[in-house]
Amino acid sequence: QVQLDESGGGSVQAGGSLRLSCVLSAYTYKPNCVGWFRQAPGKEREGVASSYSGSDTSYSTYSDSVKGRFSISRDNARDTVHLQMNNLKPEDTAQYYCGAKSVPRYACNHGFAADYWGKGTLVTISS
């Protein structure tokens, strides 16, 4: 079992920035793939970013809708994964969730099928 706790959501105007955080805890084996997902009202959940951390490599992937504006990063010492969101747009408004799973390196892409989920944090962008 893995516990994920998100924070950092809020309301900002278009063009602003927010930084989301996801703290991992209560795990026996730390998942090597952690990602951020979002779900807007009336829409399906969308994977926006993923971060793979292995013994010899690490990499990140992004959906086209956020590439160049969002950045995912890990603080392994604090078991925390951040999502820095810049140049926010009204269409970024959604509930944002942190998801995690242990997968082969090639399988850690945005939108991966997470086994563990946080409760989410709300991001609202006004025009």
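Numbers for residues simply follow the sequence, beginning at 1.
- Under a 3.5 Å cut-off, the side chain of Y62 and the backbone N or O of I72 do form a donor-acceptor pair.
- The closest donor-acceptor contact from the side chain of R105 to the backbone of G54 lies at 3.5 Å or more, if one exists at all.
- Closest heavy-atom contact between G47 and S63: O-CB, 3.6 Å.
- Once rounded to the nearest 0.5 Å, the distance linking CG of D5 with SG of C98 reads 9.0 Å.
- Pairing each heavy atom of G8 with each of L18, the nearest pair is O-CD2, 3.9 Å.
- Annotation: the span from K101 atom NZ to Y116 atom OH amounts to 9.5 Å, rounded to 0.5 Å.
- Looking at T121, its side chain never comes within 3.5 Å of a backbone N or O of Y96 through a donor-acceptor pair.
- Minimum interatomic distance between R45 and Q39 (heavy atoms only, all atoms of both residues): N-NE2, 3.8 Å.
- In this structure, the separation between OG on S11 and CD1 on I125 is 7.5 Å, given to the nearest 0.5 Å.
- Separation of atoms OG (S7) and NE2 (H82) is listed at 8.5 Å; rounding is to 0.5 Å.
- With ring centers used as reference points, F37 lies under 6.0 Å from F112.
- Closest of all the heavy-atom pairs between E6 and G120 is OE1-N, 2.9 Å.
- Under 4.0 Å is where a charged nitrogen must lie from a carboxylate oxygen, and between D64 and K67 at least one such pair does.
- Taking hydrophobic clusters as Ile, Leu, Val, Met, Phe, Trp and Tyr residues chained together by side-chain heavy-atom distances below 4.5 Å, V23 does not share a cluster with V81.
- W117 is not connected to V34 by any chain of hydrophobic side-chain contacts under 4.5 Å among Ile, Leu, Val, Met, Phe, Trp and Tyr, and they are in different clusters.
- The two residues P31 and R74 have their closest heavy-atom pair at O-NH1, 3.9 Å.
- Closest heavy-atom contact between S58 and S53: CB-CA, 4.2 Å.
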Mind running side-chain contact (heavy atoms from CB on, under 4.5 Å) on S65 and R38 for me, showing each step along the way?
CA-CA 12 Å; S65 61; R38 67 187 182 186; 3.5 Å; yes
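- For the atom pair CZ of F70 and NE2 of H110, the computed distance is 12.5 Å after rounding to the nearest 0.5 Å.
- The structure places NZ of K43 at 10.0 Å from OG1 of T93, a figure rounded to the nearest 0.5 Å.
- Residue M85 is grouped with residue L4 when hydrophobic side chains (ILVMFWY) are merged at heavy-atom distances under 4.5 angstrom, including chains of intermediate members.
- Put simply, V66 and L20 are part of the same group of oily side chains (I, L, V, M, F, W, Y) that touch within less than 4.5 Å, one to the next.
- Although no hydrogens or angles enter the test, the distance criterion places no donor-acceptor pair under 3.5 Å between the side chain of T61 and the main chain of N109.
- Identified under the disulfide (SG to SG under 2.5 Å) test for residues 34-92, with sequence neighbours left out: none.
- In terms of hydrophobic clustering, with Ile, Leu, Val, Met, Phe, Trp and Tyr side chains grouped at heavy-atom distances under 4.5 Å, V103 and Y97 are assigned to different clusters.
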